[in-house]
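What follows is one structure encoded as structure tokens, with my remarks underneath.
Residue numbers start at 1 and run along the sequence shown. Every number for a ligand or one of its atoms is a count from 1 in the order of the listing.
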Amino acid sequence: MITRLSELFLRTLREDPADAEVPSHKLLVRAGYVRRVAPGIYTWLPLGLRTLRKIEDVVRQEMDAIGGQEMLFPALLPREPYEKTNRWVEYGPNLFRLQDRKNADLLLGPTHEEMFANAVKDMYSSYKDFPVTLYQIQTKYRDEERPRAGVLRGREFVMKDSYSFDMDDEGLDSSYARHRKAYQNIFDRLEIDYAICKATSGAMGGSASEEFLAISEVGEDLFVRSTEGDYAANVEAVVTQAPPEKDIAGQPPAKEYNTPDATTIEALVHRVKVEDIAIEGHKASAADILKCVMVEVTHPAQANGEEEKELAAVLIPGDRELDPKRLEAALEPAEFCLASDKIYAQYDFLVQGFVGPRALNSNGVKVFADPRVVTGTSWITGADAPNSYVVGCVSGRDFHVDEFVEAAEVKEGDPAPNNQGTLVLQRGIELGHIFQLGRKYTEAFDVQILDENGKRAIPTMGSYGIGISRMLAVLAEQRHDEKGLNWPAAVAPYQVHVAVANKDAEAMEAGDKLVEELSQAGLEVLFDDRPKVSPGVKFKDAELLGMPFVAILGRAFKDGIIELRIRGQETLEVPADEIADKILELVRA
Ligand code: ATP
Ligand code: MG
């Protein structure tokens with residue numbers, strides 16, 4: 001098929017849109033792929049829609065290849081199923097809720113575990129029907145706090161979500177493994193540079209879970225890789241390599257010191273150095289200080305209940321910051337915020353700047369701690385009185401930890417698990433997430449199936465998502481250069497772009513003939529036949545739009561030569577009568 005640029009609904013822009021910071025966002029708007037309607041809400045223009053549909057097709061083929069059956073749920077959903085799993089509440093402000101004319105509550109689906117579990121319950125009753133994998137490619141809605149970078153993080157976006165149902169855990173393992181392989185195929189076919197990272201399971205619940213992260217500096221996800229072996233994990237999922245417990249017996253007693261003005265970790269470290277304090281036999285440093293970060297934890301309301309707030313402390317070594325995303329993941333579905341001055345004022349035992357674990361324990365405050373605070377470790381920490389700190393405060397002797405939590409920042413050079421060297425930090429964009437959900441949803445809906453022995457059993461579920469619209473932004477992000485986009489042939493809106501940049505009627509005629517021939521051979525061709533547009537503008541547009549092959553009938557055409565530019569690579573000079581074959585050869589390679 002042939003699309004003529006003289007007719008295509010397209011206006012390319014020379015200027016970056018004012019609200020765009022990320023290259024993919026700038027280019028997709030400038031090249032006329034998408035257009036903003038409202039924050040996080042975009043229109044798909046003809047070029048963008050073609051790419052989106054092609055990405056969908058690749059995903060669809062790989063899902064079909066593992067036996068997935070495509071269906072489509074509505075995006076507009078009733079409240080009840082989400083009430084049943086408590087996600088109507090737990091999803092918080094990210095959920096678009098609305099009411100119909102009869103005041104019935106509805107929502108715009110952010111993800112569809114509830115609907116799929118219900119559908120299986122409605123339609124299946126025997127183990128003979130299992131396993132089954134269902135999927136949809138559908139528009140999802142999430143009222144993201146920070147919609148960002150165009151379609152990279154939208155409030156309306158396209159996702160492929162699939163769900164596996166198996167009668168036993170081995171079945172789930174194999175469904176999960178097949179999805180994992182399908183995802184690898186998809187990302188390999190699209191030539192995406194990605195890493196498979198261990199992940200936390202977040203609001204979904206469940207156990208095994210991995211994320212597919214596209215490597216990109218503009219990514220919001222931080223992940224680690226090990227210098228040896230193939231360990232990779234989202235920072236939220238990194239498990240701290242805690243030192244072994246130490247003997248408490250024989251450790252010197254805790255001793256209090258006075259520290260006028262030392263209200264920060266830096267000041268305290270300086271103070272410790274000035275006083276030449278040793279701890280556990282070495283000179284003390286920031287890593288020996290135990291920070292007590294006070295937080296307020298909000299537990300979500302259970303059905304019809306009130307949400308509950310609780311004061312808690314997180315103990316962290318002084319050379320690290322609290323990583324809010326890690327703590328958030330660890331506490332999910334509860335949320336937290338740092339304690340305000342108002343909260344400090346509410347409790348006499350919280351001496352701001354000098355809070356220590358001892359007062360927290362004796363006042364019944366829940367104490368979370370970094371895994372490095374194992375029994376027997378000795379710390380310098382606040383002494384719960386103005387200007388005073390305590391040295392040699394031993395975990396398990398002078399204070400106790402209620403719960404260990406992964407909340408401290410992960411640092412480059414931290415040890416990797418299983419002696420796989422150290423950790424390196426990288427940024428990525430989450431493209432896909434696969435979960436072994438287990439029976440959380442099938443139990444919530446009481447999906448009862450008769451097993452081989454005629455007994456009732458509950459199937460186990462997996463849930464697997466890929467961001468289709470996000471993938472388009474990722475491709476733009478990973479493959480662009482300063483001139484424009486550069487699509488992989490598999491999903492480019494057109495495989496070939498032919499531009500006539502020569503005023504002679506003969507060149508236009510030859511162009512017409514060439515696009516006709518390519519189209520006859522089954523290629524999708526974009527034809528820049530605009531009569532009054534300068535060659536310079538045509539070249540710029542060709543680079544901006546990013547088709548993988550651009551044939552130019554320009555100045556050299558009078559000598560029988562057509563330029564073939566391979567986007568981002570070399571330019572070939574091809575005799576006019578060989579150009580069609582050359583293009584076909586390259587496209588089909
Ligand atoms: P993120 O951490 O980026 O918000 P998520 O953990 O909320 O992602 P999932 O719920 O696992 O994502 O959704 C599956 C996939 O859908 C993601 O891997 C991502 O590719 C895509 N996705 C999620 N939220 C958005 C969004 N707001 N805009 C575009 N794509 C999204
Ligand atoms: Mg999200």
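- At a heavy-atom distance under 4.0 Å, only side-chain atoms of R142, from C-beta outward, approach ligand 1.
- Close approach to E144 involves these atoms of ligand 1, each under 4.0 Å from a residue heavy atom: 24 (N), 26 (C), 27 (N).
- In this structure, of E211, E430, R153, K160, the residue bringing a heavy atom nearest to atom 3 (O) of ligand 1 is R153.
- For E328 and K325, the salt-bridge test fails: no basic side-chain N is under 4.0 Å from an acidic carboxylate O.
- Ion pair D57/R60 flagged as a salt bridge, since at least one NZ, NE, NH1 or NH2 atom sits closer than 4.0 Å to an Asp/Glu carboxylate oxygen.
- Evaluated by nearest non-hydrogen atom to atom 24 (N) of ligand 1, the leading choice among Y464, F157, F435, F212 is F157.
- A salt bridge links R439 with D169: the distance from a Lys NZ or Arg NE/NH1/NH2 to an Asp or Glu carboxylate oxygen falls below 4.0 Å.
- Residue-level proximity to ligand 1 for R470 is carried by the side chain, the only part with a heavy atom below 4.0 angstrom.
- For ligand 1 and M159, the ligand atoms under 4.0 Å from any heavy atom of the residue are 13 (O), 14 (C), 16 (O).
- For the pair L152 and ligand 1, a heavy-atom separation below 4.0 Å is found.
- Of the candidates D64, I468, V158, I468 is the only one forming a side-chain contact (heavy atoms from CB on, under 4.5 Å) with V59.
- Taking any N or O of G154, backbone or side chain, at least one lies under 3.5 Å from an N or O belonging to ligand 1.
- Summarising the geometry, atom NE2 belonging to H497 is positioned 14.0 Å from atom CZ belonging to F549; distances are rounded to the nearest 0.5 Å.
- For ligand 1, the atoms lying closer than 4.0 Å to a non-hydrogen atom of G432 are 18 (O).
- Ligand 1 has no N or O atom lying under 3.5 Å from any N or O atom of S469, backbone or side chain.
- Checking N94, L431, I466 against atom 20 (O) of ligand 1, the nearest heavy atom belongs to L431.
- Around the CD atom of E412, the shell of radius 6.0 Å holds more than 12 heavy atoms that belong to other residues, nucleotides or ligands.
- Contact check on R225 versus D230 returns no salt bridge, with no Lys/Arg side-chain nitrogen under 4.0 Å from an Asp/Glu carboxylate oxygen.
- Not a single ring-ring contact (aromatic ring centres under 6.0 Å, His included) links F165 to another residue, sequence neighbours left out.
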